[in-house]
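As structure tokens, the structure follows; a few thoughts come after it.
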Amino acid sequence: MSNIALPRRRPHYLARLFEAYGQEIVVLAALVVLFIIVGLYNPRFLSDTNLTSIFSGNAYIAVAAIGMAMVIISGHIDVSVGSLIGVLATIAGTLAVSGYPVWIAWTVPVVAGIVINTLLGALIAYMRVPSIVASLGMLSILKGGLISATGGTWITGMPPEFFIAQARLFGIPAPVYFMIVLTIITAVWMRYSATGRSLYAVGGNPEAARASGLNPERTCVFVFALHGFFAAIAALLFATQLQVIQSTVPPNLELTVITAAVIGGVSILGGTGTVIGSTLAAILFACIGSALIFLNVSAYWLRAVLGLLILATVLADMARRRRSLIP
Amino acid sequence: MTAAFRSLLLRHETILGVLLVVALVILAFQSDRFFTADNLLNQGRLMAEVGLVALAMTFVIVTGGIDLSVGSILGLVAILLGVFWQNLGIPLPIAMGLGILVGGVAGLVNGLIITRFGVPPLIATLATLALYRGLAEGISQARSVRGYPEWFFTLGQGEFAGVPVQLWIFALLALVAAIILGLSTFGRATYAIGSNAVASRFSGLSVDRSLLLIYTASGLVAGLAAVIFVSRVSTTRSDMGTGLELDVITAVVLGGTSIFGGRGTIIGTLLGLVLMQALKNGLALAGVKGDGTIVVIGAVLIGTVPSAISFVRMQTVDQKGGPDLRAVSKVKIRM
């Protein structure tokens, strides 16, 4: 963007930064404020062990939110991602337990994730099923299939080299690297590459995008395939972080993932937002969950807090839009 | 256009009716327990809660909206019913009324977010899905309420003239809903809003007021369903009604209501509802486990929409000798 000669007055650097990353800055500020307040109240919140467990335990949500952000930016939604993560984690665990080499246990779920979501994307793009209906259907197919296949049992006894999420480099757990590297690569790709930018174009106005020579259908399938890839990575991080794989993924995981994307500044109407915001928001949630415990608030209130946060963010988004749209 | 419209609706429902009969016949041959009065009435009992919510959801989807928060409203009202009665000592009949009222308020809040702030219904109710469920969890702190008095169970477990009590309530409300949607001015306005909200506004319809009423009604029936649910299972838990929205939306969409708004009928919803419940029950009797039936329902949900859309396309091509651009352009990729 910066090498295009802009006409007339160029706004101040900070103003432009805020223009481009307003929501991300707000989320970051909220994160900092949360750290200060909870840290003052209970310094153990800022301890190494707590921070490590917050970050590495929730990195998979941030990774899944990257894919979700792309899906929402391109104008769709996917409510089936939680079940997909459950299915892929179970596939990985089952393969590892049945004695297949670890690399197979890692790659098969990735391929499966891409294939399943490519199908979902094709259903939405070419069969014209609205994404909410298609993914609701997919949600019940995956969830029902998972429970009837596993009977709700837990998988244990994976070989020790299976657990990538427990590996550490320079004292920092592997999931944190996954989260940071994938976020940065995707953010750069979406901002600077032609394909990445086409997501914004298609999400902002599919007909205009078509008229400018883009193919919204192909973009949709491609985005869902990528989303499947990120869901698979998230599933691997989820499957390998504990010694057991529960075939019941955290209930409403899809909701947490969608919320992270939306609060991170991805407008639910499509066309705007960045994955930096979604990752920051995923971290913010994890911190709120942990902070509630340190503030001696019952964890049962967590979802109500998240619900209020989504609502506030969505209302702020609508208010801002209204201001900028009405001349 | 209206005549063509009506014949189209009739045809979708005819197809659905034929499908239902075929399904019933096959299921009856699969298991001799399926076609017994006991089993059918019991299925009706299980269907009533989803059915009540589906009646209001038909209105919601006909306006082009969606309400994902109904399951959470059900959970919240169920918890509040227990809290009002046991912790606050409010007499049970009043607690029931208050609970249903809270459901209405929750629906009204949805409506206000959607109409005052212009938030898309999908997002607004996704947010309140989390909020209401969160409130239910926070208020209950995972405690369940039991020990309701005996008379309370007649609502969910009793019978009147040999038919489960909640089926009477459901039948009555279904009749009311069918009359309002099919025959009243309000019903016509609902279709108009779903076909084109902006045009309806310019034609002098009070779009916002209609939407507020419809979303409030959706909350109210979810509250009523909650009371019936608690009475049927004789206990209160905060996770009640999780995933209810999926069943409800499936029944409505299966019944031929377009997810894009503008068309759909209560009779279609009833057919969709019965077909879904028959599939669930029939498959369960044929030995498919409960989770297997969710898979079938998901597949049916995905399968009906493209066929319905291609059906619309065929129709419009037939009548005009070329594709009706308005009908096709409504079929957008994004929601």
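By convention in this document, chain letters (A, B, ...) are assigned in the order of the sequence lines, proteins followed by strands, and residues within each chain are numbered from 1.
Ranking A/Leu306, A/Leu309, A/Leu308 against chain B, the residue ahead of the rest is A/Leu308, based on heavy-atom pairs under 4.5 Å. If you tally non-hydrogen atom pairs under 4.5 Å between each of B/Asp239, B/Ile139, B/Thr128 and chain A, the highest count goes to B/Ile139. Interface summary for chain A: among B/Leu129, B/Leu68, B/Leu135, the most heavy-atom pairs under 4.5 angstrom belong to B/Leu135.
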Subject >> CA sep, side-chain torsions, deciding dist, call: B/Gln141, A/Trp301, side-chain contact (heavy atoms from CB on, under 4.5 Å) >> reply: CA-CA 8 Å; B/Gln141 296 293 317; A/Trp301 286 106; 3.2 Å; yes
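Between B/Val295 and A/Ser140 there is no side-chain heavy-atom pair separated by less than 4.5 Å.
For the residue pair B/Ala130 and A/Gly307, the shortest heavy atom distance occurs at CB-CA, 3.9 Å.
Using a 4.5 Å cut-off between heavy atoms, B/Ile249 contacts chain A through its side chain alone, with no backbone atom that close.
Put simply, CZ on A/Arg303 and CD on B/Glu137 are 4.0 Å apart, with the number rounded to the nearest 0.5 Å. Atom CD1 of residue A/Ile132 and atom CG of residue B/Leu122 lie 4.5 Å apart, to the nearest 0.5 angstrom. Considering CD1 of B/Ile66 and CG of A/Leu136, their distance stands at 7.0 Å, rounded to 0.5 Å. We find the CG-CD1 distance between A/Leu311 and B/Ile113 to be 4.0 Å, quoted to the nearest 0.5 Å.
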